[in-house]
2 protein chains.
Amino acid sequence: MKKKDIKILLVDDEPDILEIVGYNLSNEGYQVITAENGSEGVKKAKKEIPHLIILDVMMPEMDGIEACEIIRKNPDLKNTIVAFLTARGEDYSQVAGFDAGADDYITKPIKPKVLVSKVKALLRRFKEEDVADTVKVGSLVINRDEYKITSKGKDIILPRKEFELLSLLASKPGKVFKRDEILDTVWGNEVVVGGRTIDVHIRKLREKLGDKSFKTVKGVGYKFVD
Amino acid sequence: MKKKDIKILLVDDEPDILEIVGYNLSNEGYQVITAENGSEGVKKAKKEIPHLIILDVMMPEMDGIEACEIIRKNPDLKNTIVAFLTARGEDYSQVAGFDAGADDYITKPIKPKVLVSKVKALLRRFKEEDVADTVKVGSLVINRDEYKITSKGKDIILPRKEFELLSLLASKPGKVFKRDEILDTVWGNEVVVGGRTIDVHIRKLREKLGDKSFKTVKGVGYKFVD
DNA sequence: GTTTTTTGGCATCACTTTTGCAATAATTTA
DNA sequence: TAAATTATTGCAAAAGTGATGCCAAAAAAC
């Protein structure tokens, strides 16, 4: 993968930090996206699917830990590396951060050279992961890179929302996902869509993968059965 | 679960690989067990019940595919994650591997960082899956996640209210729940439903789970007996 | 332009609650 | 104690409620 194809999402509420870090990374040739608080960060992460997210721990609206937890729940972002920005010596946040699914830490104050080399190191992993990233769940093979599902030897290309919905349901076969959960994960907490949206997508999936794979639990939600 | 409680079984015939991979994983704090061929791997897997098995595809004695198939047949190992070690571009083994029940792939040549992060990602899944929200009460298994009740080996899907009611009663077998209590818990204090509502639901449960399981205590309420 | 996503309106179905009455148990009274 | 009275629960069917399926069309994304 070329450098210019690598997206880095920067989330911090201090414009100064955003500027200095963003400048250094752009200079290195990376694509930099910024957000000023956790919820905006989560939103952009879902939209852009960056390769690396640098998250400030302390932010208004939604802090980094919380943002990271949400990000980690999104299957599309499972390959995304999350690094926290934290003041040196904040032991507490390190522990909480790793629990939330962080991959690494960058400590303030920020030294451009250190920052850049750390980012390079973190991203090195991507270059080698050009092998298709496939995960098997039950009878399905889910290929997140290609937005493609293999079911019983047949390849099925799914549009994004359908793919995400299936990914979620299939991530835990048998588990009933409540409509709220589904909306949170697939659509995002901020976005509000009408009540009929989910079942329309379920219908499409049923058309494509077979009716029996999706079970309705009235009053609760849907589940994928293997 | 703590890192040092996580067991990883490494199966490869090349001592070099065993060494480098083992070193890196131990360094991360995992418990590493090794085996040098498929049949030894299977043996150790059965004995140790590791959380993750990393299996080389090509080995003398018994190859990874075969070993995986055997492992997958063992119910004790049903929660174990199996990842294959494979040379890049070996498309054939990927397909065969998924068929054999593999969960993921790690490609050679091995880069320690990639390996470690992949292992972390795989095990992340484990943490979540372990907390399956199921409660065993006597002969019943109540699975809140799947909204499903297993009674004497039979799965029974219950409508929401019936499920909640049964959950409550079965939460303390033998205890008599007063009608008020039941209303409070299942229906909520605000909602007011007629007096006959509860026993209608009890009747449904009796139809589905057997008459003797529910005992009426006149003037007081109901109890679930095992 | 095409494809995907969302919406609103209905129809439908499943579940929930009510209703009326019968059956049963508890309590009172003769 | 037996009979009568009263309270409580069981039952079946009917009505009510709300959630879901489905369509076709509009809106948005590509």
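Each chain gets a letter, A, B and so on, in the order the sequences are listed, and its residues count up from 1.
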Next on the checklist: Classify B:Tyr222 by what it touches in the nucleic acid, base, sugar-phosphate, or nothing, heavy-atom distance under 4.0 Å.
Outcome noted: sugar-phosphate
Item to check | Under 4.0 angstrom between B:His201 side-chain N/O and C:dC15 OP1 or OP2 | outcome: no
Next on the checklist: If you assign each of B:Arg179 and A:Glu207 to its closest nucleotide in DNA chain D, which residue comes earlier from the 5' end?
Outcome noted: B:Arg179
Checklist entry - Is any side-chain nitrogen or oxygen of A:Trp187 closer than 4.0 Å to OP1 or OP2 of C:dT5? => result no
Checklist outcome for this item: A:Arg196 CZ to D:dC23 P, in whole Å, measures 14 Å
Checklist entry - Are A:Arg179 and A:Asp199 close enough for a salt bridge, meaning some N to O gap below 4.0 Å? => result yes
Checklist entry - Are any of the side-chain nitrogens in A:Glu164 or A:Lys46 under 4.0 Å away from the carboxylate oxygens of its partner? => result no
Item to check | Euclidean distance, atom CD of residue A:Glu162 to atom P of C:dT3 [Å, nearest integer] | outcome: 14 Å
Checklist entry - Only one of B:Val200, B:Val186, B:Leu166 forms a side-chain contact (heavy atoms from CB on, under 4.5 Å) with B:Lys161, so which one is it? => result B:Val186
Next on the checklist: Does D:dC23 have its OP1 or OP2 closer than 4.0 Å to a side-chain nitrogen or oxygen of A:Arg203?
Outcome noted: yes
Checklist entry - Contact class for B:Thr216 (heavy atom, under 4.0 Å): base, sugar-phosphate, or nothing? => result sugar-phosphate
Next on the checklist: Between C:dT4 and A:Lys204, counting only base atoms on the nucleotide and side-chain atoms on the residue, is there a donor-acceptor pair under 3.5 Å?
Outcome noted: no
Checklist outcome for this item: Closest of D:dT20, D:dG10, C:dT7 to the A:Val193 side chain is C:dT7
Checklist outcome for this item: Between CG of A:Asp199 and C1' of C:dG8 the distance, given in whole Å, is 12 Å
Next on the checklist: Does A:Lys212 form a side-chain contact (heavy atoms from CB on, under 4.5 Å) with A:Val225? I'd like the steps, not just the answer.
Outcome noted: CA-CA 8 Å; A:Lys212 323 111 212 125; A:Val225 290; 5.8 Å; no
Next on the checklist: Can you identify which nucleotide, out of C:dT7, C:dT24, C:dT17, has its nearest atom closest to the A:Val200 side chain?
Outcome noted: C:dT7
Checklist entry - What nucleotide among C:dT16, C:dT5, C:dT6 has an atom nearest to a side-chain atom of A:Pro159? => result C:dT5
Item to check | Presence of B:Arg206 side-chain N/O under 4.0 Å of D:dG10 phosphate oxygens OP1/OP2 | outcome: yes
Next on the checklist: Ignoring hydrogens and geometry beyond distance, is the side chain of B:Lys218 in donor-acceptor contact with the base of D:dT8 at under 3.5 Å?
Outcome noted: yes
Checklist entry - If you measure from NZ on B:Lys204 to CG on B:Leu158, what distance do you get to the nearest 0.5 Å? => result 11.5 Å
Checklist entry - Whole-Å distance between D:dT20 P and A:Lys178 NZ? => result 13 Å
Checklist entry - Taking atom P of C:dA14 as reference, at what distance in whole Å does atom NZ of B:Lys208 sit? => result 12 Å
Item to check | A:Ile202 CD1 - C:dT4 C1' separation (whole Å) | outcome: 16 Å
Checklist outcome for this item: From CZ of B:Phe214 across to P of D:dT9 the rounded distance in Å is 17 Å
Checklist entry - What's the CG-P distance between B:Leu183 and C:dT16, to the nearest Å? => result 15 Å
Checklist entry - From A:Leu25 CG over to A:Gln31 CD, what is the distance, rounded to the nearest 0.5 angstrom? => result 12.5 Å
Checklist outcome for this item: Per atom distances to the A:Lys161 side chain, the nearest of D:dC11, C:dT5, D:dC23 is C:dT5
